[in-house]
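Worksheet for the structure shown next.
To find a chain, count down the sequence lines: A is the first, B the second, and so on, and within it residues start at 1.
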2 protein chains.
Amino acid sequence: MTRTTQQREVIAMVIDEAEGPLTVPEILSRAQQTLPRLGIATVYRTLKLLTEQHQIQAVAVDGESHYERTGQGHHHHFACGQCGRVFTLHICPVDLPTGTVFAGGFEVERHEVTLYGTCPDCRVQRN
Amino acid sequence: MTRTTQQREVIAMVIDEAEGPLTVPEILSRAQQTLPRLGIATVYRTLKLLTEQHQIQAVAVDGESHYERTGQGHHHHFACGQCGRVFTLHICPVDLPTGTVFAGGFEVERHEVTLYGTCPDCRVQRN
DNA sequence: TTACATGCAAAACTTTTGCGGCGGC
DNA sequence: GCCGCCGCAAAAGTTTTGCATGTAA
């Protein structure tokens with residue numbers, strides 16, 4: 001059976017408390033602030049486990065996998081070109097119910113929208 | 001100066017003739033049907049060159065980089081969950097002009113939409 | 001106490017770089 | 001003929017796996 005360990009609790013907490021989906025290096029360094037000896041292999045193993053349990057899911061932003069917790073409802077992402085951070089946005093600019101069939105016979109199950117631009121923090125600094 | 005070589009012509013042609021953006025292994029194997037001794041290092045070097053020249057661009061689908069030619073106008077992508085292929089769709093379900101500012105101060109420069117579902121070929125086979 | 005999980009290190013895989021030789025111009 | 005480009009192989013970077021030890025239950 002799977003056990004509750006400090007490492008798994010800390011990694012899950014880091015993802016839970018993030019402002020958006022995190023990359024593997026981000027998860028590692030944030031978790032190491034609590035558990036300095038945490039190894040990257042444990043991070044990969046835990047991400048795989050949590051993904052299989054549907055506690056988290058991977059999303060691709062700018063070609064890199066980021067991890068976020070599931071059950072946040074329908075949402076999308078905003079990637080800041082200045083600081084590189086990715087934020088979760090609870091808005092949806094698309095109206096595409098599951099089952100929509102496009103011209104040519106493409107049947108849509110789900111959609112992902114990623115917005116690219118400048119985040120509030122970086123906009124302030126620019127002015 | 002940069003030269004016109006068989007390798008570069010074949011790689012550019014493969015990307016040009018594709019039904020959608022291709023991964024590195026896809027580009028390599030399609031190009032090798034014309035140039036069997038083509039090496040993967042040449043593919044990476046050519047992709048980098050063509051990207052710098054803005055002849056092609058990278059897009060992330062399902063966490064992997066795919067390459068497509070530029071100048072196709074505003075478009076999005078459809079990834080088939082059955083066969084794994086990615087198609088280019090010349091439709092846009094989003095209305096987000098550059099400069100739109102979202103609640104919280106997120107300033108949008110561009111957006112990417114990826115639809116996931118079943119492509120026409122795979123739908124036919126399912127029935 | 002007994003497995004499962006961890007940390008470390010090695011392996012597997014992906015992408016980049018160095019180098020001698022080929023080929024576009 | 002010159003010099004940029006190629007293929008190959010080695011290096012660098014990323015993700016996975018093996019193994020001895022630690023630790024949750």
Side-chain angles (χ1 to χ4, degrees), chain A residues 1-16 18 21-69 79 84-86, chain B residues 1-16 18 21-69 79 84-86:
Chain A
M1 267 298 90
T2 74
R3 292 177 183 173
T4 304
T5 65
Q6 278 192 69
Q7 288 84 346
R8 290 179 183 172
E9 289 185 322
V10 170
I11 291 169
M13 197 189 68
V14 163
I15 295 171
D16 240 51
L22 302 177
T23 62
V24 170
E26 284 169 344
I27 293 165
L28 178 65
S29 68
R30 293 186 192 196
Q32 281 181 333
Q33 299 190 1
T34 308
L35 296 172
R37 305 196 16 108
L38 177 66
I40 193 158
T42 299
V43 173
Y44 279 107
R45 279 189 281 233
T46 301
L47 292 176
K48 192 178 176 193
L49 178 75
L50 294 175
T51 300
E52 284 165 358
Q53 295 179 343
H54 299 284
Q55 292 188 41
I56 65 171
Q57 61 194 346
V59 293
V61 183
D62 252 343
E64 250 194 319
S65 285
H66 295 239
Y67 295 85
E68 67 185 358
R69 70 170 212 270
R85 284 185 294 171
V86 178
Chain B
M1 267 299 88
T2 73
R3 292 176 181 170
T4 303
T5 64
Q6 276 193 72
Q7 288 82 349
R8 289 179 184 172
E9 289 184 323
V10 170
I11 291 169
M13 195 190 69
V14 163
I15 295 172
D16 240 51
L22 302 177
T23 62
V24 171
E26 284 169 344
I27 293 166
L28 178 66
S29 69
R30 293 186 191 196
Q32 280 180 333
Q33 300 191 0
T34 307
L35 296 172
R37 303 193 22 105
L38 177 66
I40 193 159
T42 299
V43 173
Y44 279 108
R45 279 189 281 234
T46 302
L47 292 176
K48 192 179 176 192
L49 178 75
L50 294 176
T51 301
E52 284 165 359
Q53 294 179 342
H54 300 285
Q55 292 190 39
I56 64 170
Q57 61 195 344
V59 294
V61 182
D62 252 344
E64 251 194 317
S65 286
H66 295 239
Y67 295 85
E68 67 185 357
R69 68 171 216 269
R85 284 185 295 170
V86 179

Could I get a table of every N or O pair under 3.5 Å where one atom is in the protein and the other is in nucleotides 17-22 of chain C?
residue : atom : partner : partner atom : Å
C:dG18  : O6   : B:R45   : NH1          : 3.3

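No hydrogens or angles were tested; on distance alone, a donor-acceptor pair under 3.5 Å links the side chain of B:R3 to the base of D:dC3.
For C:dC25, one of the phosphate oxygens OP1 or OP2 lies less than 4.0 angstrom from a side-chain nitrogen or oxygen of B:T4. A close approach under 4.0 Å does occur between a side-chain nitrogen or oxygen of A:R8 and OP1 or OP2 of C:dA5. For the pair A:T42 and C:dG7, the criterion of a side-chain N or O lying under 4.0 Å from OP1 or OP2 is met. Between A:Q6 and C:dA5 there is no side-chain N or O to OP1 or OP2 distance below 4.0 Å.
Between B:H66 and B:L22, the closest side-chain pair of non-hydrogen atoms is not below 4.5 Å. At a threshold of 4.5 Å between non-hydrogen side-chain atoms, the residues B:R69 and B:Q55 do not count as touching.
Atom CD1 of B:I27 is separated from atom CD1 of B:I15 by 4.0 Å, given to the nearest 0.5 angstrom. The line from CD1 of A:I11 to CG of A:D16 is 13.0 Å long, rounded to the nearest 0.5 Å. Expressed to the nearest 0.5 Å, how far OG1 of A:T23 lies from OH of A:Y67 amounts to 10.0 Å.
Summarising the local packing, CD of A:E9 is surrounded by more than 12 heavy atoms from other residues, nucleotides or ligands at distances under 6.0 Å.
Where B:T5 and B:I40 meet DNA chain C, the nucleotide closest to each residue was compared, and B:I40 sits on the side nearer the 5' end.
Note: CG (A:L47) to P (C:dA5) measures 15 Å, nearest angstrom.
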